[in-house]
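See structure below.
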There are 2 protein chains.
Amino acid sequence: MASDARERMVRSAAYLFRERGFSGTAFSDVIAHSGAPRGSIYHHFPGGKLELAEAAVRYTGDFLAAGVRAATRDDDPVAAVRAFVGWWRRVLVKSDFQAGCPIVAVTVESQLAEAAADAFRRWQDALAAGLVAAGATPVRAARLATLVVAAVEGATLLCRAGRCLDPLDDVIAELEDLIGIACDAS
Amino acid sequence: MASDARERMVRSAAYLFRERGFSGTAFSDVIAHSGAPRGSIYHHFPGGKLELAEAAVRYTGDFLAAGVRAATRDDDPVAAVRAFVGWWRRVLVKSDFQAGCPIVAVTVESQLAEAAADAFRRWQDALAAGLVAAGATPVRAARLATLVVAAVEGATLLCRAGRCLDPLDDVIAELEDLIGIACDAS
DNA sequence: GTCTATACGAAGATAGAC
DNA sequence: GTCTATCTTCGTATAGAC
């Protein structure tokens, strides 16, 4: 199938960006990892590496936003947040703290701010919707969702640098308290 | 002076990493920006680019930790946090949202986890000391300091992607509330 | 659509003179 | 300590056949 090779390349790119970053990941790496045919890169991605990176950012954004929505429970305001954090925790542990967020890598290394902002926004929206359903006001929910995304992305960086999960544990503990208070208050 | 050229190169590297990242910054860029002599790179940095990056990370870590300590006020628990956030805010605005944290760039792109972890830890220690002085318990202060560093680093990324200061504003609002409660509680 | 071969440029690192 | 010149590696992108 034609679009199958493209899909595999996008997923491999997202995977490889996590460990090696954008500049550190060559097309040949993506080919080798995905098993996609060599000659079809510029057929599927006429815009070159940037177009591949943009697709990888979009893929990661969609994937995690869907995960957050699926984990949302009206009676448990922190369930979705735990799912979100759990995903990053697994990325860190599975990679022995070598991997992080592919979107962060792309944001830092290339000029794909728009795609990155879209992905971050989808995560915030999904998290905020869950907080509203659990009782928070819309304004407060949006602010808390921003804090969750920022703190978890930052904590993932700290975990990667320090090669331990403590920062993520510390952050989630504080966030859960804060969210409990915000959802009870209204 | 001999060490003057070295110092200039380190500062320029830290500056350039913020916008272009580690791989995106060539030695020639550092030379051009710092005005340092071409032929002395490998004299000052025998370990090559990685040694330069490590020095840049250390420099940034020291610089900001000192800034946090200088802004610490025993009677105002959020003064140091505001100084910390204010620094990133200026970086974002001055660069028109093109620049971020050089240590994040190095963490994502190279394998200098140790130096990055040191820098993050110094920031956390400086912030935690201020929170303890303002009345928080040591354990809680450490946890909050981790949250502050993670959330601010993450928010800086979100600001850069979205090209606006809203994420940083949202994050600092929540953090100030949380810190006020933690310091009053004891 | 997929292949191979290659052009082209960039950048890190080294050698050796001054 | 600082210079210039160069080596070498690598990776994007293109050209053109199948």
Side-chain angles (χ1 to χ4, degrees), chain A residues 1-59 102 105-112 115, chain B residues 1-59 98 102 105-113 115:
Chain A
M1 211 177 293
S3 62
D4 190 46
R6 194 195 136 98
E7 184 81 10
R8 280 207 311 275
M9 282 191 268
V10 171
R11 275 204 300 266
S12 287
Y15 178 84
L16 294 170
F17 285 171
R18 288 190 253 174
E19 283 201 13
R20 315 182 194 181
F22 173 77
S23 301
T25 303
F27 264 139
S28 55
D29 297 330
V30 176
I31 295 300
H33 184 268
S34 65
R38 281 200 162 279
S40 61
I41 310 175
Y42 285 89
H43 171 72
H44 291 300
F45 304 97
K49 201 178 178 182
L50 274 182
E51 188 175 341
L52 172 62
E54 194 178 340
V57 167
R58 199 182 315 270
Y59 168 78
V106 170
T107 302
V108 168
E109 294 184 68
S110 71
Q111 308 302 334
L112 288 174
Chain B
M1 212 179 293
S3 63
D4 189 47
R6 194 195 136 99
E7 183 81 11
R8 280 207 311 276
M9 283 191 267
V10 171
R11 275 204 300 264
S12 287
Y15 178 84
L16 294 170
F17 286 171
R18 287 190 253 175
E19 281 200 15
R20 314 183 194 181
F22 173 77
S23 301
T25 304
F27 265 139
S28 55
D29 296 330
V30 176
I31 296 300
H33 184 267
S34 66
R38 281 199 163 281
S40 60
I41 308 175
Y42 285 88
H43 171 71
H44 291 301
F45 305 97
K49 201 178 178 182
L50 275 182
E51 188 174 342
L52 172 62
E54 194 178 340
V57 168
R58 199 183 315 272
Y59 169 78
Q98 300 300 303
V106 170
T107 302
V108 169
E109 293 184 67
S110 71
Q111 308 301 333
L112 288 174

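As a basis for the values below, the full set of heavy atoms in this structure was taken, side chains included, without hydrogen atoms, waters or symmetry mates. Below, chain A is the first sequence line, B the second, and so on; all start at residue 1.
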Inset, instruction - Quick one: closest heavy-atom pair of B:Val30 and B:Met9, and the distance? - result: CG1-O, 3.6 Å

Inset, instruction - Measure the distance from CZ on B:Arg6 to C1' on D:dT2 and round it to the nearest whole Å. - result: 17 Å

Inset, instruction - Name all residues meeting the salt bridge (Lys or Arg N to Asp or Glu O under 4.0 Å) criterion together with A:Glu19; count only those two or more places apart in sequence or in a different chain, and write none if there are none. - result: none

Inset, instruction - Kindly state each residue pair satisfying side chain to side chain donor-acceptor pair (under 3.5 Å) with at least one member in residues 8-17 of chain A, sequence neighbours excluded. - result: A:Asp4-A:Arg8, A:Ser12-A:His33

Inset, instruction - Rounded off to whole Å, could you give me the NE2-to-P distance for the A:His43 and D:dT14 pair? - result: 15 Å

Legend entry - Atom pair distance, as rounded to whole Å: CD1 in B:Ile41 and P in D:dC3: 10 Å

Legend entry - Minimum-distance pair of heavy atoms, taken over all atoms of B:Ala5 and B:Ala36: O-CB, 4.2 Å

Inset, instruction - Pull out every residue in residues 31-40 of chain A that has a heavy atom closer than 4.0 Å to any atom of DNA chain C, ordered by number, or say none. - result: A:Pro37, A:Arg38, A:Gly39, A:Ser40

Legend entry - All pairs passing salt bridge (Lys or Arg N to Asp or Glu O under 4.0 Å) where residues 34-43 of chain B contributes a residue, at least two apart: none

Inset, instruction - Please tell me if the side chains of B:Phe17 and B:Val57 come closer than 4.5 Å, counting only heavy atoms from C-beta onward. - result: no

Inset, instruction - Determine which pairs satisfy salt bridge (Lys or Arg N to Asp or Glu O under 4.0 Å) with at least one residue from residues 41-56 of chain B, sequence neighbours left out, and list them in order. - result: B:Glu54-B:Arg58

Legend entry - Side-chain donor/acceptor of B:Glu109 to backbone N/O of B:Ser23, under 3.5 Å: yes

Legend entry - Spacing of A:Glu51 atom CD relative to D:dT12 atom C1', expressed in whole Å: 15 Å

Legend entry - Base-contact (B) and sugar-phosphate-only (S) positions in nucleotides 10-17 of chain C, heavy-atom cut-off under 4.0 Å, - elsewhere: -SSBB---

